[in-house]
Amino acid sequence: METALSTPNNIQICEVTCDSFRIAWDMTPEDTARATHFFIDLSRKEGGDPNRFKHRDVPTKLVAKAVPLPMAVRGHWFLSPRTEYCVAVQTAVRQADGEYLVSEWSQVVEFCTGDYAMDHLKQLLGKAQGSAGRLLRFSVFYRNQHPDYFHYVRTECGGLMRPALKDNSGSHGSPINSKLQGVFLSCNTEFDTGLPPNDSPYGPLRFQIPAGNLLNPNTNLYFADFYCMYTAYHYVVLVLAPSGSEGDNFCRSSLPLLDLTANPFLTYIPPQRQGEDSLFCHASDVILEVLYTEPLYLEQGSVLEISGHHQMSQTTANAKKDPSCKVCNISVGR
């Protein structure tokens, strides 16, 4: 009878991305020479007993031929970004009768996948470009809120709208989620008037600031996300960061940089002749969410009352994108 295999130990996870990782463990020299297969059991960490693996002699999830360690694991479970997983391994020897001699399961190790890498964001950017539509002119960025918000800004913050940490809404793998601070602004306009909509679900007061104060050659524009929330319309998240700022330094290594004068979402065209004004345009077929990474004083713009209906919509804070949408999802996860 063949000698039992020892239990794999010292499980090591390395080179973790949003949809792959490498795994290695310690084996005796004898087991390294004998093993023909590895069994890997991977599951999301979702509470309860983490040691929820099946019968020790039944391979689950992934059966792989023995290869030199560390072994790359990618795509088998359609790993999701920023998700905690539990993993355990067995080693096995396939015998002449087709049955497997297997080791005990190793200890369970936990790890978390990463954000979208630049290549993944460029895939998402490509999808967003196909949905942007034609460019429409606009003249102001704006932020709609209730009176209590502006009262708080004036009385408690000295009139300063301070950057807040981006929540986890949108694509789970967007690098700015829970990492980058900013003030969210809108710029979408009505087709017939070229002006911001008269109504808003966020409140009857609007702060607005001339577009050129924020969108100019001294700022950099980055693509951060493309998503929908089980609706027909889609959102594009852009980041505006003054060149050389802390926000700009973060975005430079994490997000695709867009050309201010030639992109399908938000553009700045400088005056072509003396006396002309700069031209600003926004995409017509997506809802733009613009995160400006610096504080804004109310005195930099104006606060005015808007007309129309102001019934609050359901909050979008931490809302996740529709994982079944073929327009805004890429193959590496949600």
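None of the values given here were measured: they were computed from a predicted structure.
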Asks: Should D119 and K122 count as an ion pair when the cut-off is N to O under 4.0 Å?
Replies: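 Not counted as a salt bridge, because no side-chain N and carboxylate O are separated by less than 4.0 Å.
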Asks: Quick check: is M71 connected to L5 through a chain of hydrophobic side chains (ILVMFWY, heavy atoms under 4.5 Å apart)?
Replies: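 Different clusters.
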Asks: Quick one: are Y235 and C228 in side-chain contact, heavy atoms under 4.5 Å?
Replies: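 Result no, sub-4.5 Å side-chain heavy-atom pair not found.
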Asks: Please check: side-chain N/O of K166 versus main-chain N/O of F184, any donor-acceptor pairing under 3.5 Å?
Replies: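 Flag not set: sc K166 to bb F184 has no pair under 3.5 Å.
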Asks: Are any non-hydrogen side-chain atoms of I306 and D199 less than 4.5 angstrom apart?
Replies: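 Not touching, per the 4.5 Å side-chain cut-off.
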Asks: Are any of the side-chain nitrogens in D285 or R134 under 4.0 Å away from the carboxylate oxygens of its partner?
Replies: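 Answer for the salt bridge query: no.
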Asks: Checking the side chain of S106 only, and the main-chain atoms of V89 only, is there a donor and an acceptor separated by less than 3.5 Å?
Replies: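 Checked: pair present.
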Asks: Are more than 12 heavy atoms from other residues, nucleotides or ligands located less than 6.0 Å from atom CD of E276?
Replies: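 Correct, the count exceeds 12.
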Asks: Is it true that a side-chain atom of S245 and a backbone atom of P242 form a donor plus acceptor pair closer than 3.5 Å?
Replies: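 Judged by distance alone, yes, a pair lies under 3.5 Å.
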Asks: Are any side-chain N or O atoms of H282 and backbone N or O atoms of T189, one a donor and one an acceptor, separated by less than 3.5 Å?
Replies: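 Yes; at least one donor-acceptor contact below 3.5 Å.
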Asks: Taking the side chain as everything from C-beta on, heavy atoms only, tell me whether V108 gets closer than 4.5 Å to V87.
Replies: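 Answer no - side chains too far apart.
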Asks: When the aromatic ring centroids of F141 and F138 are compared, is their separation below 6.0 Å?
Replies: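 Close enough - the centres of the two rings lie under 6.0 Å apart.
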Asks: Hydrogens and angles aside, do R143 and Y202 bring a side-chain donor and acceptor to less than 3.5 Å of each other?
Replies: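 No pair is found: no donor N or O on one side chain lies under 3.5 Å from an acceptor on the other.
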Asks: Does T113 use its side chain to pair, donor to acceptor, with the backbone of S80 at less than 3.5 Å?
Replies: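 Here the side-chain-to-backbone pair exists.
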Asks: Would you say CZ of R252 has more than 12 non-hydrogen atoms from neighbouring residues, nucleotides or ligands within 6.0 angstrom?
Replies: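 Atom CZ in R252 is packed in, count exceeds 12.
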Asks: How far apart are the C-alpha atoms of T83 and R44, what are their side-chain angles, what is the distance that settles it, and do they pass the side chain to side chain contact (heavy atoms under 4.5 Å, CB included) test?
Replies: CA-CA 7 Å; T83 303; R44 290 182 186 232; 3.7 Å; yes
Asks: Do Y297 and F207 sit in the same hydrophobic cluster, where Ile, Leu, Val, Met, Phe, Trp and Tyr count as joined when their side-chain heavy atoms come under 4.5 Å apart?
Replies: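 No.
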Asks: Closer than 3.5 angstrom, by distance alone: can the side chain of Q145 be matched with the main-chain N or O of G203 as a donor-acceptor pair?
Replies: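 Flag not set: sc Q145 to bb G203 has no pair under 3.5 Å.
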Asks: Main chain of A24, side chain of N10: is a donor-acceptor contact present, judged purely on distance under 3.5 Å?
Replies: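 Such a contact is absent between N10 side chain and A24 backbone.
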Asks: Is it the case that the ring center of Y100 lies less than 6.0 angstrom away from the ring center of F39?
Replies: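 Yes: the rings meet the under 6.0 Å criterion.
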Asks: Flag the pair V183 / P295 as yes when at least one side-chain heavy-atom distance between them is below 4.5 Å, and no otherwise.
Replies: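 Contact flag for V183/P295 side chains = no.
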Asks: Compare all side-chain heavy atoms of L42 with those of L79 and state whether any distance is below 4.5 angstrom.
Replies: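 Yes, their side chains come closer than 4.5 Å.
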Asks: Does one side chain, of N144 or S200, offer a donor that lies under 3.5 Å from an acceptor on the other?
Replies: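 Short answer, yes.
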Asks: Quickly, which of Y227, F226, F265 forms a ring-ring contact (aromatic ring centres under 6.0 Å, His included) with H234? Name it, please.
Replies: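 So, applying the ring-ring contact (aromatic ring centres under 6.0 Å, His included) to H234 and each of Y227, F226, F265, only F226 qualifies.
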Asks: Does any part of the side chain of N188, heavy atoms only, come nearer than 4.5 Å to the side chain of I287, both counted from C-beta?
Replies: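 Touching, per the 4.5 Å side-chain cut-off.
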Asks: Measuring only between side-chain heavy atoms, which start at C-beta, is N220 closer than 4.5 Å to L257?
Replies: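 Yes, side chains in contact.
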Asks: Does L260 share a hydrophobic cluster with L125, counting links as ILVMFWY side-chain heavy atoms below 4.5 Å and allowing steps through other members?
Replies: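 Yes; L125 is reachable from L260 via cluster members.
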Asks: Heavy-atom count around Q95 CD within 6.0 Å, excluding the residue itself: above 12?
Replies: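 It does: Q95 CD has more than 12 such atoms within range.
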Asks: When you measure from the side chain of T32 to the backbone of E30, do you find a donor-acceptor pair of N or O atoms at a distance under 3.5 Å?
Replies: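 No: the side chain of T32 does not pair with the backbone of E30.
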Asks: Between the main-chain N or O of G182 and the side-chain N or O of T293, is there a donor-acceptor pair closer than 3.5 Å?
Replies: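 Checked: no pair found.
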Asks: To the nearest 0.5 Å, how far apart are CG in L258 and CG in L221?
Replies: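 Rounded to the nearest 0.5 Å, the CG-CG separation comes to 4.5 Å.
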Asks: Given the ring of Y142, does R206 sit roughly above its face, with NZ or CZ under 6.0 Å from the centre of the six-membered ring and within 45° of the axis?
Replies: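 Yes, R206 lies over the aromatic ring of Y142.
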Asks: Would you check if the side chain of D31 reaches a backbone N or O of M27 as a donor-acceptor pair within less than 3.5 Å?
Replies: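 No: the side chain of D31 does not pair with the backbone of M27.
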Asks: Are L266 and L136 grouped together when hydrophobic residues (ILVMFWY) are joined by side-chain heavy atoms under 4.5 angstrom apart?
Replies: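 No, L266 does not connect to L136 through the hydrophobic network.
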Asks: Is there a donor in the side chain of T17 and an acceptor in the side chain of S20, or the other way round, less than 3.5 Å apart?
Replies: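 A donor-acceptor contact under 3.5 Å links the two side chains.
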Asks: So that I can tick it off, tell me whether R74 and D19 are bridged by a salt bridge, with the cut-off set at under 4.0 angstrom between side-chain N and carboxylate O.
Replies: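 Salt bridge: no.
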Asks: Just verifying a value: how many Å separate Y268 OH and S278 OG, rounded to the nearest 0.5 Å?
Replies: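 That separation rounds to 4.0 Å.
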